[in-house]
Amino acid sequence: MPELAEVEFFRKQWDAGLDKRIAAVLLHPDKRVFRGTDAQKLQQVLPGSRLLASEAHGKQMLFRFSHGIWLGLHLGMTGKLRVAEASFKPSKHDHLVLCQKGCALVFNDARQFGRVLFHQGSSPPPWWRNLAVDVRSKSFTAARMEAFLQRHRKLPIKAALLLQTGFPGVGNWMADEILWRSGLHPRTSSGQIRGTSLQKLWRELRHVCREAVKIVGKDYSDPPVGWLFQERWKRDGLCPIHKRPLRKETVGGRTSAWCPKCQAQR
DNA sequence: TACTCTGTTGAATA
DNA sequence: TTATTCAACAGAGT
């Protein structure tokens, strides 16, 4: 479930390889995760360089290597990063393996909605410039959010929260969690949200994102009881507040769960 | 066996 | 420019 918090967790898995040289790269260039990138070149160029640093932005990750090499990863729907022993043998969905002394860095993605990007140069890659403003940062003000919602005023708020250009890192479960805490029905038009309800949405958005990164990003634990998260996957999930059955419908093309009592208004 | 569902996103179309 | 729909993929569930 790679949203903001899970991405942060997976990024850190590869910290095990920091400062170590890449001895070999295992991959199959024709795999879909390499669409649009020169996988053979990557395989040829990366050995010999060291992993220097990594960062995550929303659902995107960037790994920086010596010799001006940059690797971008997106986990799609089922992507995972992990560390394995040095003798690791890739299986079916292990699309990219960076072999190092003592360990192997593994990118696995069954459905291959994820993606590998690659760049050589002294400055960060073009696809890492002009990133959307981080929702947890100081510059993500309520006014900025309001302007974005007005630009997409016809869109149901649930769909707007999933737009990575406005809310980088927010995915399906985080969007539902945010709306539940804000008392907003997922079909509410984005343009209708103003004043106190907009302030509320802004606060809950930032709260959920920060807490999720703290909890899930640390060791992949689930958010605690009391979060909608605990109930929204269940067939007969109940609102954590007053135990009413949650409603489930497709909104903005995605399965959404909400409490008809807490989130009544449209 | 066949059909449905899934946490993403980006291309095609309106 | 923005909104909608659908396909890319594999596996799990019914």
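All chains are named by letter (A, B, ...) in the order of the sequence lines, taking the proteins before the strands, and each is independently numbered beginning at 1.
Around atom NZ of A:Lys248, more than 12 heavy atoms belonging to other residues, nucleotides or ligands sit under 6.0 Å away.
Between the side chain of A:Ser189 and the backbone N or O of A:Gln192 there is no donor-acceptor pair closer than 3.5 Å.
Partner assigned to B:dG7 is none, using Watson-Crick or G-U wobble distances below 3.5 angstrom. C:dC9 is unpaired under the criterion used here, namely a Watson-Crick or G-U wobble arrangement in which both key atom distances are under 3.5 Å.
In this structure, A:Arg32 atom CZ and B:dG10 atom C1' are separated by 10 Å, rounded to whole Å. The separation between A:Asn172 atom CG and B:dT6 atom C1' is 10 Å, rounded to whole Å. Atom C1' of nucleotide B:dG10 and atom CE of A:Met77 are separated by 14 Å, given to the nearest angstrom. Counting to the nearest Å, the C1' atom of C:dT1 and the CG atom of A:Leu163 are 13 Å from each other. We find that CD of A:Gln230 is positioned 18 Å from P of B:dG7, with the value rounded to whole Å. Straight-line distance from the CG atom of A:Asp109 to the C1' atom of B:dT6: 14 Å, rounded to whole Å. Rounded to whole Å, the distance from CG on A:Leu149 to C1' on C:dA3 is 15 Å. Rounded to a whole Å, the CG atom of A:Asp30 is 12 Å from the P atom of C:dC9.
In this model, the phosphate group of C:dT1 is not approached by any side-chain N or O of A:His152 to a distance below 4.0 Å at OP1 or OP2. The side chain of A:Thr78 contributes no N or O atom lying less than 4.0 Å from OP1 or OP2 of B:dT6. At B:dT9, one or more side-chain N or O atoms of A:Lys59 fall inside 4.0 Å of OP1 or OP2 (strictly under the cut-off). The phosphate of C:dA10 (OP1 or OP2) has no side-chain N or O of A:His93 nearer than 4.0 angstrom.
Taking the centre of each ring, A:Phe118 and A:Phe34 stay at or above the 6.0 Å mark. Checked against the 6.0 Å centroid criterion, the rings of A:Trp14 and A:Phe10 do not qualify as a close aromatic pair.
Residue ring and nucleobase are stacked for A:Phe113 and C:dA8, with a centre distance beneath 5.5 angstrom and an angle between planes beneath 30°.
Remark: the A:Arg151 side chain and the C:dT1 base include no donor-acceptor N/O pair separated by less than 3.5 Å.
Nearest nucleotide to the A:Leu155 side chain, out of C:dT4, B:dT6, C:dT14: C:dT4. Of all nucleotides listed (B:dT9, C:dA10, B:dG7), B:dG7 comes nearest to the side chain of A:Thr255. Side-chain proximity of A:Arg111 to the nucleotides C:dA3, C:dA8, C:dA10 is greatest for C:dA10. With distances taken from any side-chain atom of A:Arg115 to the nucleotides C:dC9, B:dG10, C:dT4, the minimum falls on B:dG10. Counting only heavy atoms from C-beta on, A:Gln164 has its side chain closest to B:dT9 among C:dA8, B:dT9, B:dT6. The side chain of A:Trp233 approaches B:dG7 more closely than any other nucleotide in the set C:dC9, C:dA3, B:dG7.
Among the atoms of the strands shown, only primed sugar atoms or phosphate atoms (P, OP1, OP2) are found under 4.0 Å from some heavy atom of A:Lys92.
Contact check on A:Arg82 versus A:Asp94 returns a salt bridge, with a Lys/Arg side-chain nitrogen under 4.0 Å from an Asp/Glu carboxylate oxygen.
Partner of A:Asp176 under the side-chain hydrogen bond (donor to acceptor under 3.5 Å, both in side chains) criterion, out of A:Arg181, A:Arg232, A:Gln263: A:Arg232 alone.
The gap from the C1' atom of C:dA3 to that of B:dG7 amounts to 23 Å, rounded to the nearest Å. Between C:dC9 and B:dA12, the distance separating the two P atoms is 15 Å to the nearest Å.
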